[in-house]
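Scroll down for the structure; my scribbles are underneath it.
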Protein chains: 2
Amino acid sequence: MKDVATRAGVAVSTVSYVLNDSGPVAPDRRQRVLEAVSALGYLPNESARNLKRRSVATIGLVVPDLVNQYFAMIAEGVEQAASEKDVLVVFCTPEATGDGESWNSRLLRSQRLDGLIYLAGAETRMASLVELTRVGPVVLVDEKLPGFDLPSVVSQNRRGAKEIASHITSLGHKRLAILGGPAELWTADQRLSGYREAIAAAGMDPDTVPVLEGDYRISSGEKLASEVLDCPAKERPTALICANDLMAIGVLSYCRRAELRVPEDVSVVGFDDLPFARLLTPGLTTVRQPAREMGVAATKLLLGMVGGDKPMSPPPVDVTPMIRESTGPAPKA
Amino acid sequence: MKDVATRAGVAVSTVSYVLNDSGPVAPDRRQRVLEAVSALGYLPNESARNLKRRSVATIGLVVPDLVNQYFAMIAEGVEQAASEKDVLVVFCTPEATGDGESWNSRLLRSQRLDGLIYLAGAETRMASLVELTRVGPVVLVDEKLPGFDLPSVVSQNRRGAKEIASHITSLGHKRLAILGGPAELWTADQRLSGYREAIAAAGMDPDTVPVLEGDYRISSGEKLASEVLDCPAKERPTALICANDLMAIGVLSYCRRAELRVPEDVSVVGFDDLPFARLLTPGLTTVRQPAREMGVAATKLLLGMVGGDKPMSPPPVDVTPMIRESTGPAPKA
DNA sequence: GACTGTCATAGAATCGTTACAAGTTCCGTT
DNA sequence: AACGGAACTTGTAACGATTCTATGACAGTC
């Protein structure tokens with residue numbers, strides 16, 4: 001920077017003013033500075049800049065795992081929104097790499113990160129999140145902490161769940177089973193309520209429908225499917241309502257092995273609409289969440305908070321049922 | 001830090017020595033410093049530290065898109081290896097967000113990133129990579145630039161391709177078609193050579209086998225499948241060799257719509273072994289690449305280079321054919 | 001023509017660390 | 001007893017920007 005100043009015959013402060021547009025500079029000098037900058041190929045040292053500004057133009061994205069396409073899509077949305085503001089996105093997958101919980105708080109407190117976007121997974125300790133929000137700006141995606149008003153971006157889980165369950169009941173299914181998500185997660189709770197609402201609306205008693213708790217992963221879908229489907233055809237549920245697509249995929253995988261036809265023997269629905277959902281055989285009936293947009297919204301919210309705005313969670317975003325081939329009329333039996 | 005020094009009754013430099021283990025400090029003073037640190041909950045300001053050290057303990061991961069699970073797995077490996085060394089990983093998806101090519105070079109030159117891990121995709125301009133490597137440490141994953149000895153981590157593409165193609169020929173298939181990757185990518189070239197080697201080894205003339213150029217995406221698999229499969233059964237290829245799993249998934253999706261049975265009418269193989277490959281119906285026969293390990297290896301290589309080591313690309317990693325249900329004996333016809 | 005106010009500019013302090021150089025203490029040699 | 005040299009400590013100068021303050025120039029006003 002000194003070199004630039006020398007070459008342009010001005011003071012370093014003038015260079016800074018030009019570069020940041022933070023002070024009055026005469027047109028001819030501004031011109032000279034800009035020339036010197038490009039002649040020397042000068043780029044400001046961001047470390048020094050960060051030190052003065054007390055911010056690093058970098059946010060963290062905490063994500064249970066990236067191989068889950070739902071999280072990957074949110075991540076892409078986050079990156080997109082951040083890059084528009086020249087903000088970098090650091091990702092950490094604490095469950096995969098075993099970073100402790102203090103890790104994030106440390107990053108925040110030691111000024112390596114300006115803020116955090118948090119995607120909750122099965123192993124998230126929600127309680128520690130409250131701590132985090134006291135350390136720095138944190139936005140929650142697709143999750144909420146009942147009782148605490150943390151800034152968050154969520155979708156209409158309950159409505160989506162209700163609609164997809166209505167689709168099932170409207171097909172005449174009477175023997176149902178619900179493969180729910182981790183009980184401590186808000187999304188799991190919301191979806192469950194939605195399912196039960198729809199079941200009640202169809203004139204059935206929700207309490208007679210078994211609810212099994214899964215962990216949102218494929219393996220748990222496979223396992224729970226075996227628990228609930230391994231019985232005589234007469235008692236077997238004709239429809240399985242899964243709280244997310246991964247578990248539904250696990251169910252499909254089990255059905256293939258167990259030689260149960262989908263949807264002739266059993267209908268299956270998921271939630272999320274992963275890009276692969278439509279490519280499965282049969283195509284998975286599910287609820288689309290606009291993951292990318294949620295990532296964008298969360299990032300805008302977070303960057304606003306970093307800039308000093310009051311946290312203002314946007315209203316839940318819309319979801320859309322996607323009817324495909326994994327659901328069909330209840331077997332006559 | 002000044003506060004810590006005051007509280008411990010020592011100079012700030014002593015505190016620094018304790019924290020970095022970079023100078024001799026008497027045991028009792030070290031103790032006092034550590035006490036003060038924890039009493040005050042002090043954490044060093046990383047921005048200041050970065051300024052002095054001229055490094056940011058952060059690397060960039062350039063990835064065409066995260067929804068591709070293969071890239072996501074590599075990303076997880078990168079994060080894992082980086083976090084072990086307290087290095088952060090920033091991801092940018094230039095194709096998705098439209099960051100220019102100069103973007104990465106800027107990040108490197110302005111000290112926001114110490115180095116870069118580059119995953120090549122269909123739209124990567126390989127030439128600009130050579131520029132990049134002159135700006136700072138860059139490691140290429142699953143790609144090479146013929147003629148330039150860039151540090152890179154690759155797998156045995158050719159051997160894997162040869163083995164999977166041998167599997168096809170050994171099943172008696174005579175009419176084949178190859179759905180290759182982008183011609184300018186090294187992996188695509190390698191795999192193609194492998195396929196042709198196997199075909200020749202089976203006593204057929206590789207030049208009689210049609211090769212269609214795809215872009216490694218699902219949509220191109222669907223499109224090319226329609227081009228090559230939409231013909232009378234007698235002329236139709238009985239096996240499609242796809243240069244990656246996504247294209248193979250596209251092919252399966254086309255076959256479902258066209259009511260072609262896999263593998264009875266046509267056998268399909270892919271490459272990569274995405275986590276979803278085994279969950280498809282039928283399970284996809286493919287070649288497993290140890291994506292996660294490749295990410296780890298690339299990161300270790302890069303961090304070594306950042307630390308001043310000579311770039312030493314590791315030998316190509318092993319791949320394993322995964323035989324599943326998407327391949328079967330050639331139809332008698 | 002002196003006074004005031006605005007606009008440009010330069011100079012210097014500052015951000016929180018690290019690391020060098022210089023100083024202190026203390027102990028073992030000769 | 002004087003000396004050399006470890007073993008510690010400390011003060012302070014960077015690191016490369018931003019920003020506050022002071023100064024100078026110039027125009028407008030009475």
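In the text below, chain A, chain B and the rest are named by the order of the sequence lines, each starting its count at 1.
- Contact annotation: the side chain of A:V78 never approaches that of A:F91 to less than 4.5 Å [non-hydrogen atoms, C-beta and beyond].
- Nucleotides of DNA chain D that come within less than 4.0 Å of any heavy atom of chain B span, from the 5' end to the 3' end, D:dC8 to D:dG16.
- Near DNA chain D, meaning a heavy atom under 4.0 Å from it, residues 25-46 of chain B has B:V25, B:A26, B:R29 in order of number.
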Hey, what are the protein-to-nucleotides 23-25 of chain C N/O distances that come in under 3.5 Å?
none

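- Note that the two end axes of the helix from C:dG1-D:dC30 to C:dT30-D:dA1 enclose an angle of 60°, each drawn from 5 base pairs, rounded to 10 degrees.
- Within a 6.0 Å sphere centred on CG of B:D309, heavy atoms belonging to other residues, nucleotides or ligands number more than 12.
- If you take NZ of B:K52 and C1' of C:dT14, they are 15 Å apart, rounded to a whole angstrom.
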Could you give the side-chain donor-acceptor pairs of residues 9-20 of chain B under 3.5 Å, partners two or more places apart or in another chain?
| unit_1 | atom_1 | unit_2 | atom_2 | d |
| --- | --- | --- | --- | --- |
| B:S16 | OG | B:N20 | ND2 | 3.3 |
| B:N20 | OD1 | B:R49 | NH2 | 3.3 |
| B:N20 | ND2 | B:S16 | O | 2.9 |

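- Using a 4.5 Å heavy-atom cutoff, the side chains of B:W103 and A:D86 are in contact.
- C:dA8 atom P lies 13 Å from atom CG of A:D21, rounded to whole Å.
- Here A:N50 lies out of heavy-atom contact (under 4.0 Å) with every strand.
- B:R292 places no side-chain N or O within donor-acceptor distance of the main-chain N or O of B:Q80, the cut-off being under 3.5 Å.
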Exercise for review: Evaluate the criterion side-chain contact (heavy atoms from CB on, under 4.5 Å) for residue pair A:D142 and A:Y70; output intermediate values, then yes/no.
Suggested key: CA-CA 11 Å; A:D142 199 31; A:Y70 177 60; 3.1 Å; yes

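- At a threshold of 4.5 Å between non-hydrogen side-chain atoms, the residues A:M305 and A:D114 do not count as touching.
- A distance-only check finds a donor-acceptor pair linking the side chain of B:D215 to the backbone of B:R217 [under 3.5 Å].
- A:N68 and A:Y216 form no side-chain donor-acceptor contact under 3.5 Å, judged by distance and modelled atom types alone.
- Contact annotation: the side chain of B:P290 never approaches that of B:D318 to less than 4.5 Å [non-hydrogen atoms, C-beta and beyond].
- Nearest-nucleotide assignment on DNA chain D puts the 5′-proximal partner with B:G9, out of B:G9 and B:A48.
- Mapped onto DNA chain C by nearest heavy atom, B:L19 and A:P24 fall at different nucleotides, with A:P24 at the one closer to the 5' end.
- Remark on DNA chain D: of its neighbouring residues A:L51 and B:V10, the 5'-side contact belongs to B:V10, judged by nearest-heavy-atom nucleotide.
- Not counting sequence neighbours, A:D28 has no partner by the salt bridge (charged side-chain N to carboxylate O under 4.0 Å, His left out) test.
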Point to revise | Intermediate values then yes/no, side-chain contact (heavy atoms from CB on, under 4.5 Å), A:L150 and A:K144 | key: CA-CA 7 Å; A:L150 305 186; A:K144 265 187 181 175; over 6 Å; no

Exercise for review: Could you please spell out the steps behind the side-chain contact (heavy atoms from CB on, under 4.5 Å) verdict for A:L302 and A:T299?
Suggested key: CA-CA 5 Å; A:L302 179 63; A:T299 307; 5.7 Å; no

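- For the pair B:R49 CZ and C:dA19 P, the interatomic distance rounds to 10 Å; values are reported in whole Å.
- Across all strands, A:T14 comes closer than 4.0 Å only to sugar-phosphate atoms, never to a base (heavy-atom distances).
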